[in-house]
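Report on the following structure.
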There are 2 protein chains.
Amino acid sequence: MKSKRIPKATIGRLAVYVQVLESLRRDRVEVVSSEKLAQACSVNSSQIRKDLAYFGEFGVRGVGYYIQELITSIKRSLGIDRVWNCALVGVGNLGRALMKHRDIPRKGFVIKAAFDCDPDRIGLVIKGIEVMCLSRIKEVVPSLDVEVGFISTPPERAQRAANFLIEAGVRGIVTFAPARLEVPANIPVEYVDFSHHLYAVAFYINQEANKA
Amino acid sequence: MKSKRIPKATIGRLAVYVQVLESLRRDRVEVVSSEKLAQACSVNSSQIRKDLAYFGEFGVRGVGYYIQELITSIKRSLGIDRVWNCALVGVGNLGRALMKHRDIPRKGFVIKAAFDCDPDRIGLVIKGIEVMCLSRIKEVVPSLDVEVGFISTPPERAQRAANFLIEAGVRGIVTFAPARLEVPANIPVEYVDFSHHLYAVAFYINQEANKA
DNA sequence: CGTTGTGAAGAGCTTCACAGCG
DNA sequence: CGCTGTGAAGCTCTTCACAACG
């Protein structure tokens, strides 16, 4: 089981497991069975056992999973048991909010540099980070060991931002701009777009109405 | 095909199609084939044709899809061809950012009321909305025709917020709190959590590294 | 002729059911 | 005995391939 291709859906669920496990840990729970965890995450218990089995054998038969240990194991499996240095492109409202957002460093992602093209923004200092001209990215990213790029530009400038980030050497991108990006196959891109959730809730509300 | 169960994944993709179609419309493109649209969305072209076929026959054989018409049809299919009144619970940093976020009303979701428990926040006026005590929710939600609840509380207060919203009569919930909610089966819940995208990009970067 | 709409085949993911083990 | 880990079955979603049609 160790070396099979891991479903994309599994990765999404691991984030949920971590969230729920951390909440159990706050409540001083030490052990949990796949059945209990499954209920808290609203999934099937074999789903959980199978998801975890992709990465190793973390449970104890007849007992369950030790929570602290499991959190550590999942984080190691995902590669978030360390700090990832990030660079942000686009210092508008959203970009500034991201730079100030405490949860991002708390998850291990530290914004080390910020870039923009607008001369009014260059030179601003936000949370100790000075906003720089995008033209300096190729010198700054390697020197600060940045591996992840955040894009928070308007949609029409997102592709340009992606090109600069990749050219500068980032290995993956998280984009908040409502635009699809063209990138080499070896550069993972994650699209953060919560309008999709707004649409979904509207659709499912209508569906419930049609059912009744 | 009209009345089959619609895959959850289809709903997610429709949001992408709308995004790309709107960008094509900005560029004054009027017609697009499923093949062209597929490339722009990074999906297979039969996927697009099948997704659209769940809701009707929107294309013209030998020609493609008229973009303006298709956008309208998709929006009608999702139920976002109208305004949805929303109420927000939790007026911290995130809650205030949501209230000021222009894209939410632009998508047809209008925040009509905001609630919090903190006496320091009650009475604040943000974007013309006065923050009220959560105890008033049951009177306010029906009178303002609110159908959707937004939760932006800390995780430990999210369930309480959900209970209040549902009790007050909302039909669906979009939550930004990192916590799972227990709700009746007929109340759709959408979990907005971008930490999941941070985890995913880290995982896929590591996977690329192991490949090479 | 070109592109849609769709049954059928294929791939991938989820659930079942139980052997294996502490 | 209880709960995990996992092959096999079942199900859903995706892709193929082509008839239908403007």
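Throughout, a chain's letter reflects where its sequence line sits, starting with A, and its residues are numbered from 1.
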Grab the [atom1]-[atom2] distance between [X] and [N] for me, whole Å please.
X       : N      : atom1 : atom2 : result
A/Lys36 : D/dG2  : NZ    : P     : 13 Å
B/Arg5  : D/dC11 : CZ    : C1'   : 10 Å
B/Asp51 : D/dT14 : CG    : C1'   : 10 Å
A/Ile48 : C/dT15 : CD1   : C1'   : 13 Å
B/Gln39 : C/dT3  : CD    : P     : 12 Å
B/Leu37 : C/dT3  : CG    : C1'   : 13 Å
A/Gln47 : D/dT6  : CD    : P     : 15 Å
A/Leu52 : D/dG5  : CG    : P     : 7 Å

All side-chain contact (heavy atoms from CB on, under 4.5 Å) counterparts of [X], not counting sequence neighbours:
X        : answer
B/Arg25  : B/Glu22, B/Ile67, B/Gln68, B/Ile71
A/Asp193 : A/Ser195, A/His196, B/Gln19
B/Ala161 : B/Val89, B/Ile151, B/Thr153
B/Lys36  : B/Val32, B/Ser33

At under 4.0 Å between heavy atoms, which parts of nucleotides 16-22 of chain D does protein reach? Answer with one letter per nucleotide, 5' to 3': B base, S sugar-phosphate only, - none. BB--BBB
Near B/Arg102 CZ, under 6.0 Å, is it more than 12 heavy atoms from other residues, nucleotides or ligands? no
When you measure from the side-chain N and O atoms of B/Tyr65 to the phosphate of C/dG5, is any distance below 4.0 Å, counting only OP1 and OP2? yes
The salt bridge (Lys or Arg N to Asp or Glu O under 4.0 Å) partners of B/Arg157 (sequence neighbours excluded) come to none
My understanding is that only residues two or more places apart in sequence, or in another chain, count here; which of them pass ring pair (Phe, Tyr, Trp, His ring centres under 6.0 Å) with A/Phe194? B/His101, B/Phe176
For A/Arg106, side-chain hydrogen bond (donor to acceptor under 3.5 Å, both in side chains) partners two or more places apart: A/Asp103
If every non-hydrogen atom of B/Tyr191 is compared with every non-hydrogen atom of A/His197, which pair is closest and at what distance? O-CE1, 3.2 Å
Under a 4.0 Å heavy-atom cutoff, the residues of residues 9-30 of chain A touching DNA chain C are A/Ala9, A/Arg13
